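Written out below as structure tokens is the structure these notes cover.
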Amino acid sequence: MAASSVEELLAKAEQEEAEKLKSITVQKELDLDFDLGNLLACDKNRIETRDFREQKKEDFLRSLARDNTQLLINEIWKLPTERVEEVIVAKLPEPTTRLPREKPPLKPRPPTKWEQFAKLKGIQKKKKTNLVWDETAKEWKRRWGYKRANDDTKEWLIEVPETADPNEDQFAKRVKAKKERVAKNEFNRLKNIARAQKVKTPGVGLVPKAQQSRNELAKAVSVAKVSTASVGRFQDDLPKEKPPKNSGKRRKFDPLIGDFSSEKQKQLDLLKTMGSKKPRLDITKAVNQQMREEDKEEAAAKRRKGGGKRGRKGNMTGKGKAGKAGGGGKAGKAGGGGKRRGKPGKK
């Protein structure tokens, strides 16, 4: 008994070792179709139903996946390789299989008013250097931002122009002019956004007015809320604020990079629906179609019923003509029986 158990253990160990060290050569009746650019291998060989039933399903599928993966790796090693930071990298060719996109491609950004004008006039954009020479400090400084060159906001003395009021605060005047420039740039930015979305340029809240109505104030609040970088997504509502009117519904799309598990489940459900033999049944659509067919049948039955009544009236006119023929000439004419019924259009 001890000898047999030892032999069984040795055989089991040899089998496990053989499974770990399988040969890299895999024999297939039909060669696989490879698309190395997408790391794709298509196996057209027929699956033996007997082997699939006799073995465990998981073991059979695992063995099939291992063989096909080995063939794909063998093809990858045939490609030219190079060493990058102590790692061997293979140069993949261009992919040949066109894979569908789940989401539509991004639309190009519409040109601004200045870009349209520059294109019309043939103005080419020239890139400016980030550093300029500062005559006061006698060194190279940044053109914009913190510690920029020729910064006039750090001056402690401003010369009063001859045409200006001597009692006017020149420092406050400079700060006010800067705020006006910032407001003008923001107004132009909002106009570009409105033009790109093909909506009317918002003027409420930006045009000076003595008194504004409730609708104008609500519209100004909605315009200010969507003028942020997130288009008002993270802006809190004011107390007792009502939703804007005629704003429309926004379509919501899933992010391009996010939860891959949900995207995987959607693709699996789609493939399951496409591969299932039974058609997918939409109960609501089927009920609506049945109701429409019933309404059509009822309308057709009413039309047929109305057509039969008109036919009976025509037979009555025919009886009038027969009465005229059998009733005698002048008596029938004096009595007004058949002639008036037979020809109701004449008097």
Side-chain angles (χ1 to χ4, degrees), residues 82 84-87 89 103-209 219-238 250 253-258:
E82 62 180 1
V84 178
E85 296 181 359
E86 299 182 358
V87 177
V89 180
K103 302 181 184 300
L106 299 177
K107 295 182 179 180
R109 180 181 62 85
T112 61
K113 191 174 182 180
W114 164 252
E115 291 175 351
Q116 294 176 358
F117 176 77
K119 184 178 180 181
L120 180 64
K121 296 297 183 180
I123 302 174
Q124 296 182 356
K125 185 177 180 180
K126 296 181 180 179
K127 187 176 181 180
K128 296 182 179 180
T129 58
N130 192 23
L131 298 177
V132 294
W133 179 256
D134 190 355
E135 294 292 341
T136 305
K138 302 298 180 180
E139 62 178 353
W140 293 93
K141 288 188 177 182
R142 296 185 182 92
R143 186 184 296 271
W144 302 282
Y146 178 66
K147 290 185 178 182
R148 64 180 181 272
N150 304 318
D151 188 5
D152 56 351
T153 60
K154 303 299 182 181
E155 297 177 354
W156 62 275
L157 179 63
I158 300 177
E159 183 181 358
V160 179
E162 295 180 358
T163 57
D165 186 3
N167 297 324
E168 185 180 12
D169 188 357
Q170 298 297 325
F171 293 96
K173 182 179 179 181
R174 185 171 60 185
V175 172
K176 183 180 178 180
K178 183 178 180 180
K179 289 183 178 180
E180 289 179 355
R181 291 195 303 269
V182 172
K184 183 179 179 181
N185 292 335
E186 181 67 15
F187 178 65
N188 291 333
R189 188 181 71 86
L190 292 176
K191 286 175 65 177
N192 289 332
I193 294 175
R195 189 182 297 107
Q197 296 180 356
K198 296 182 180 180
V199 296
K200 190 176 180 180
T201 304
V204 178
L206 302 175
V207 178
K209 220 174 184 182
K219 193 172 183 180
V221 170
S222 62
V223 170
K225 183 178 290 186
V226 300
S227 63
T228 59
S230 62
V231 198
R233 181 176 297 179
F234 304 106
Q235 299 299 319
D236 297 332
D237 295 335
L238 297 175
R250 296 182 180 178
F253 299 96
D254 296 333
L256 295 176
I257 299 176

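In this chain, residues are counted from 1 in sequence order. This one's a predicted model, so the numbers in the text were calculated from it and none came from an experiment.
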What pairs of residues pass the side chain to side chain donor-acceptor pair (under 3.5 Å) test when at least one of them lies in residues 104-125, not counting sequence neighbours? Arg109-Glu115
Interatomic distance, CH2@Trp144 vs CG@Asp151, rounded to 0.5 Å, equals 14.5 Å
I want to check something: taking the side chain as every heavy atom from C-beta on, are Lys225 and Asp237 in contact at a cut-off of under 4.5 Å? yes
Atom CG of residue position Leu238 - does it have more than 12 heavy atoms of other residues, nucleotides or ligands inside 6.0 Å? yes
Can you list every pair that meets side chain to side chain donor-acceptor pair (under 3.5 Å) and has a residue in residues 177-186, with sequence neighbours left out? Glu186-Arg189
Can you sort out the partners of Arg142 under side-chain hydrogen bond (donor to acceptor under 3.5 Å, both in side chains), two or more places apart, ordered by chain and number? none
Working to the nearest 0.5 angstrom, can you tell me the gap between Gln235 CD and Ser227 OG? 8.0 Å
Which residues share a side-chain hydrogen bond (donor to acceptor under 3.5 Å, both in side chains) with Arg174, sequence neighbours left out: none
Nearest-0.5 Å distance, CG of residue Asp134 to NZ of residue Lys147: 12.5 Å
In this structure, are over 12 heavy atoms from other groups packed under 6.0 Å from Glu135 atom CD? yes
Validation: residues 161-171 side-chain donor-acceptor distances under 3.5 Å, sequence neighbours left out:
unit_1	atom_1	unit_2	atom_2	d
Asp165	OD1	Asn167	N	3.3
Asp169	OD1	Phe171	N	3.2

Partner set under side-chain hydrogen bond (donor to acceptor under 3.5 Å, both in side chains) for Asn130, not counting sequence neighbours: none
Distance (rounded to the nearest 0.5 Å) between Glu139 CD and Trp133 CH2: 7.5 Å
